[in-house]
K.L.:
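I have a structure I would like to understand better, so I am pasting it below and will then ask my questions one at a time.
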There are 2 protein chains.
Amino acid sequence: MLRTNHFFLSFIENLHEKQANIEELSLKTFPKGTFLLKQDGRSSKVFIIKEGITKCFFSEENGKDYIVEFLSEGEILGEIEAIRNNNCLCSVETLTDVEAYAINIPFFKQLLEKDLNFQKLLLDELAERLINTSSRASSQQLYTIEYGLKKILELQYKQNIVISKEDMAAYLGITLRSLNRALTNLK
Amino acid sequence: MLRTNHFFLSFIENLHEKQANIEELSLKTFPKGTFLLKQDGRSSKVFIIKEGITKCFFSEENGKDYIVEFLSEGEILGEIEAIRNNNCLCSVETLTDVEAYAINIPFFKQLLEKDLNFQKLLLDELAERLINTSSRASSQQLYTIEYGLKKILELQYKQNIVISKEDMAAYLGITLRSLNRALTNLK
DNA sequence: TTTAGGTTGGGACAAATGTCCTTTATATGA
DNA sequence: TCATATAAAGGACATTTGTCCCAACCTAAA
């Protein structure tokens, strides 16, 4: 739900210490509300989050949003676009101030070619995302709202974070009205 | 929707010609209705389909099924489980008679370590699956049934295949009754 | 031919969800 | 302080979807 990947984070921190060329790899800060990736736009960087929370979401043509994941420490962004040379699949917006490593795409591709360890990390990460995405799609389709709602409430409690009602609804793929109904039902 | 990957297929066909050890890699046939993977079960093989159609689906505890994808020529199965050493995430059942290459997991892992080309193919495949899975989750949540229904009808027409109503409903994450209603609405 | 099982199609009602709108809080800047 | 915008909560109604049925149809085995 709130995804993190500390293997990635320590990998990139190590690399950042050694790598002096800030054209290729640099640590940047982004205020809350920044779009790191814009759906259908062209991205020139791959990001790995050092600190903060982002949401990764689709904006559909009917004006509704669907949040795929909340990404936090150590999560990678824009890797799919880099691998497949595509425009951005969805948008990624910062929900808090965010510090992230920005990696040039050619440098990212070099890493993939040369560093077996990095490849493995990435393969592992994509596999985990597939597991999350597909099992969530299944349970969202086949269960009532409350099932997913409980999970997102737990998350906020455990991690001590606050997600706006609108974002919660977008994560569940429902309207605000339905979210409110489900919330009163839980009490 | 009906996924194929001809790069994988020619890769594995090449390898199969060279590789004499049938313990590691062999071509097998499975009659319609065979479970190549069983949800929560342990798998000892990774498969690459040579011919035929399979469905990859979750069985939820409430008795409902959700079909993630229909996999056909060149698609790989069980790779996520092999990469992450997990039990099977979902089941894969053959919808027609199927011919598939069965790869021993240790041999699969060796391939991943040694063959840069294979790694790239797999990374590309996982990336594409993420694109499909997440964008489908989004549109299924945010649009009416008819949107997805039209696509699955097109598929059957173009590919000249027949999917049972039950499977169509499971793919759309709805009940048979709702599927029938949507079908009459389309006329 | 008959039977049994599976697939398909749809009626009737209940439950869930969306749409539209209003009201109440809670900020935040003028 | 006031005004204004924004988030949150929920009423009323329409629409969608699910549940529980039953009937028609087809196919394969007896």
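FYI, side chains are in, hydrogens and waters are out, and symmetry mates aren't considered; it's all heavy atoms of this structure. The sequence lines fix the lettering, A, B, ..., with proteins before strands; numbering per chain opens at 1.
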K.L.:
Looking only at side-chain atoms of I174(A), point me to the closest of dG10(D), dG9(C), dG18(C).
P.N.:
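Within the option list, the nearest is dG18(C).
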
K.L.:
Is there a side-chain contact between S164(A) and the phosphate of dA7(D), meaning an N or O under 4.0 Å from OP1 or OP2?
P.N.:
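S164(A) to dA7(D) OP1/OP2: no side-chain N or O under 4.0 Å.
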
K.L.:
Taking the inter-plane angle between the rings of F30(B) and F47(B) on a 0 to 90° scale, is it parallel (under 30°), tilted (30 to 60°) or perpendicular (over 60°)?
P.N.:
perpendicular

K.L.:
What is the distance, rounded to the nearest whole Å, between atom CG of L179(A) and atom C1' of dA16(C)?
P.N.:
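Atom-to-atom, L179(A) to dA16(C), this comes out as 14 Å.
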
K.L.:
Using atom CD1 of I163(B) as one end and atom C1' of dT7(C) as the other, report the distance to the nearest whole Å.
P.N.:
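For the pair I163(B) CD1 and dT7(C) C1', the rounded distance is 16 Å.
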
K.L.:
From CD of Q140(B) over to P of dT17(D), roughly how many Å is that when rounded to an integer?
P.N.:
12 Å

K.L.:
Rounded to whole angstrom units, what separation is found between the CG atom of L176(B) and the P atom of dG10(C)?
P.N.:
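After rounding, the reported distance stands at 12 Å.
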
K.L.:
For dT17(D), take OP1 and OP2 only and decide whether either is under 4.0 Å from a side-chain N or O of S178(B).
P.N.:
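Answer no for this pair, as no side-chain N or O of S178(B) is under 4.0 Å from OP1 or OP2.
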
K.L.:
Are more than 12 heavy atoms from other residues, nucleotides or ligands located less than 6.0 Å from atom NZ of K38(A)?
P.N.:
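Not more than 12 within 6.0 Å, no.
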
K.L.:
Between L183(A) and Q141(A), just flag the one whose closest nucleotide in DNA chain D comes earlier from the 5' side.
P.N.:
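In this pair, the answer is L183(A).
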
K.L.:
If only side-chain N and O atoms count, and only distance matters, is there a donor-acceptor pair under 3.5 Å linking S135(A) with S138(A)?
P.N.:
no

K.L.:
Could you tell me how far apart I145(A) (CD1) and dT16(D) (P) are, to the nearest whole angstrom?
P.N.:
17 Å

K.L.:
Taking the side chain of R181(A) as heavy atoms from C-beta outward, which of dT17(C), dG10(C), dC20(C) is closest to it?
P.N.:
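The nucleotide sitting nearest to the side chain is dT17(C).
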
K.L.:
To the nearest angstrom, how far is N185(B) atom CG from dT15(D) atom P?
P.N.:
13 Å

K.L.:
With a 4.0 Å cut-off on N to O distance, would you call R3(A) and E128(A) a salt bridge?
P.N.:
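Between E128(A) and R3(A) there is a salt bridge, with a charged N closer than 4.0 Å to a carboxylate O.
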
K.L.:
Rounded to whole Å, please give me the gap between CZ in R177(B) and C1' in dA12(C).
P.N.:
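Taking CZ of R177(B) and C1' of dA12(C), I get 10 Å after rounding.
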
K.L.:
Can you tell me how far apart CG (D124(A)) and CZ (R129(A)) are? Round to the nearest 0.5 Å.
P.N.:
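That separation rounds to 12.0 Å.
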
K.L.:
Could you please name the option among dG18(C), dG10(D), dG18(D) that lies closest to any side-chain atom of K64(B)?
P.N.:
dG18(D)

K.L.:
Could you tell me the separation between the OH atom of Y143(A) and the P atom of dT17(D), rounded to a whole number of Å?
P.N.:
20 Å

